[in-house]
Enquirer: 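Let me give you the structure first, and then I'll get to my questions.
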Amino acid sequence: MSSMTNSPLRLNPHLTFNGECEAAFRYYATCLGANLKFLLKYGDSPLAQGTPPEWHDKILHATLTAGDLILTGADVLPGEYQRPQGFSVMLHVPEPAEAERVFPALAAGGEIQMALQSTFWAARFGMLVDRFGMPWQINCSNAA
């Protein structure tokens, strides 16, 4: 941690999309019971002049919050998008019923990689790629 800052480090996932960021973040807000705090479109930013006109309604930056957790995202400019790989958004939920609610909501229109189930480490665990191409892992730990 840098001695130049008084605030603690904080990590948050930043997801990139191929023009579907706004739809994805509105969907995530509904699925997760989260708040869509900020949406900035390319056309409403200083980058508008250098952005193709058909991309002005796409998202330059989005912020979603759920409690003290933050998820950010953006649409990357045409030709720069790469399909996500090598990571998953891990969502920890406190109760099995919440896992059973969130998992099918996020999986709708996507692909289930591991059905939500009990495991030796969790009361519920499942993996999916949502309809926007984002990989998720849903985990509900066993009670201590």
Enquirer: Apply the hydrophobic cluster definition, ILVMFWY joined by side-chain contacts under 4.5 Å directly or through others, and give me every member besides Phe38.
Expert: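 Phe38 clusters with Leu40, Tyr42, Leu47, Trp55, Leu60, Leu77.
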
Enquirer: Are Cys140 and His92 packed together at the side-chain level, in the sense that at least one heavy-atom pair is separated by less than 4.5 angstrom?
Expert: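 The answer is no, as the side chains (C-beta and beyond) never meet within the 4.5 Å cut-off.
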
Enquirer: Within a reach of under 6.0 Å around CD of Glu95, are more than 12 heavy atoms found that belong to other residues, nucleotides or ligands?
Expert: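 Count not over threshold, so no.
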
Enquirer: Quick one: list whatever passes side-chain contact (heavy atoms from CB on, under 4.5 Å) with Gln137, sequence neighbours left out.
Expert: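 Gln137 satisfies side-chain contact (heavy atoms from CB on, under 4.5 Å) with Ser88, Met90, Phe125, Met127 once adjacent residues are dropped.
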
Enquirer: Tyr28 versus Leu36: any side-chain heavy-atom pair under 4.5 Å?
Expert: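 No, every pair of side-chain atoms sits at 4.5 Å or beyond.
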
Enquirer: Output the distance between atom CD1 (Ile112) and atom CG (Leu128), rounded to the nearest 0.5 Å.
Expert: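 If I round to the nearest 0.5 Å, the distance is 7.0 Å.
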
Enquirer: Can you list the other members of the hydrophobic cluster that holds Leu69, where links are side-chain heavy atoms under 4.5 angstrom apart?
Expert: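 Under the 4.5 Å side-chain rule, Leu69 groups with nothing.
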
Enquirer: If you look at every heavy atom in Asp75 and Cys21, which pair is closest and at what distance?
Expert: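 Scanning both residues completely, I find the closest heavy atoms to be OD1-N, 2.9 Å.
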
Enquirer: State, yes or no, whether a side-chain contact exists between Glu22 and Leu39 at a heavy-atom distance under 4.5 Å.
Expert: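 Side chain of Glu22 against side chain of Leu39, heavy atoms only: contact under 4.5 Å found.
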
Enquirer: Could you check whether Arg131 pairs with Glu20 (Lys NZ or Arg NE/NH1/NH2 to Asp/Glu carboxylate O, under 4.0 Å)?
Expert: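 No salt bridge links Arg131 with Glu20.
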
Enquirer: Give a yes or no on whether the backbone of Ala105 and the side-chain of Tyr27 come within a donor-acceptor separation of less than 3.5 Å.
Expert: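 Side chain of Tyr27 to backbone of Ala105: a pair is present.
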
Enquirer: Would you be so kind as to tabulate the donor-acceptor pairs closer than 3.5 Å made by side chains of residues 9-16, with sequence neighbours excluded?
Expert:
unit_1, atom_1, unit_2, atom_2, d
Asn12, ND2, Thr72, OG1, 3.2
His14, ND1, Thr72, OG1, 2.7

Enquirer: CD1/Ile138 to CG/Leu116 distance, rounded to the nearest 0.5 angstrom?
Expert: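 Taking CD1 in Ile138 and CG in Leu116, the distance rounds to 8.0 Å.
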
Enquirer: Ignoring hydrogens, what is the shortest heavy-atom contact between Lys41 and His56? Give both atom names and the distance.
Expert: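 Heavy atoms of Lys41 and His56 come nearest at CB-O, 3.5 Å.
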
Enquirer: Is the Phe87 to Trp136 ring centre distance short of 6.0 Å?
Expert: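 No, they do not, as the ring centres are separated by 6.0 Å or more.
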
Enquirer: Side-chain contact, heavy-atom cut-off 4.5 Å: Gln113 with Val129?
Expert: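 Sidechains of Val129 and Gln113: in contact.
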
Enquirer: Give me the other members of the hydrophobic cluster that Tyr81 sits in, counting Ile, Leu, Val, Met, Phe, Trp and Tyr linked by side-chain heavy atoms under 4.5 Å, directly or via other members.
Expert: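 Listed partners: Val76.
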
Enquirer: Can you pull out every salt bridge (Lys or Arg N to Asp or Glu O under 4.0 Å) where at least one residue sits in residues 42-58? Sequence neighbours excluded, please.
Expert: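 Salt bridge (Lys or Arg N to Asp or Glu O under 4.0 Å) check on residues 42-58 returns no pairs.
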
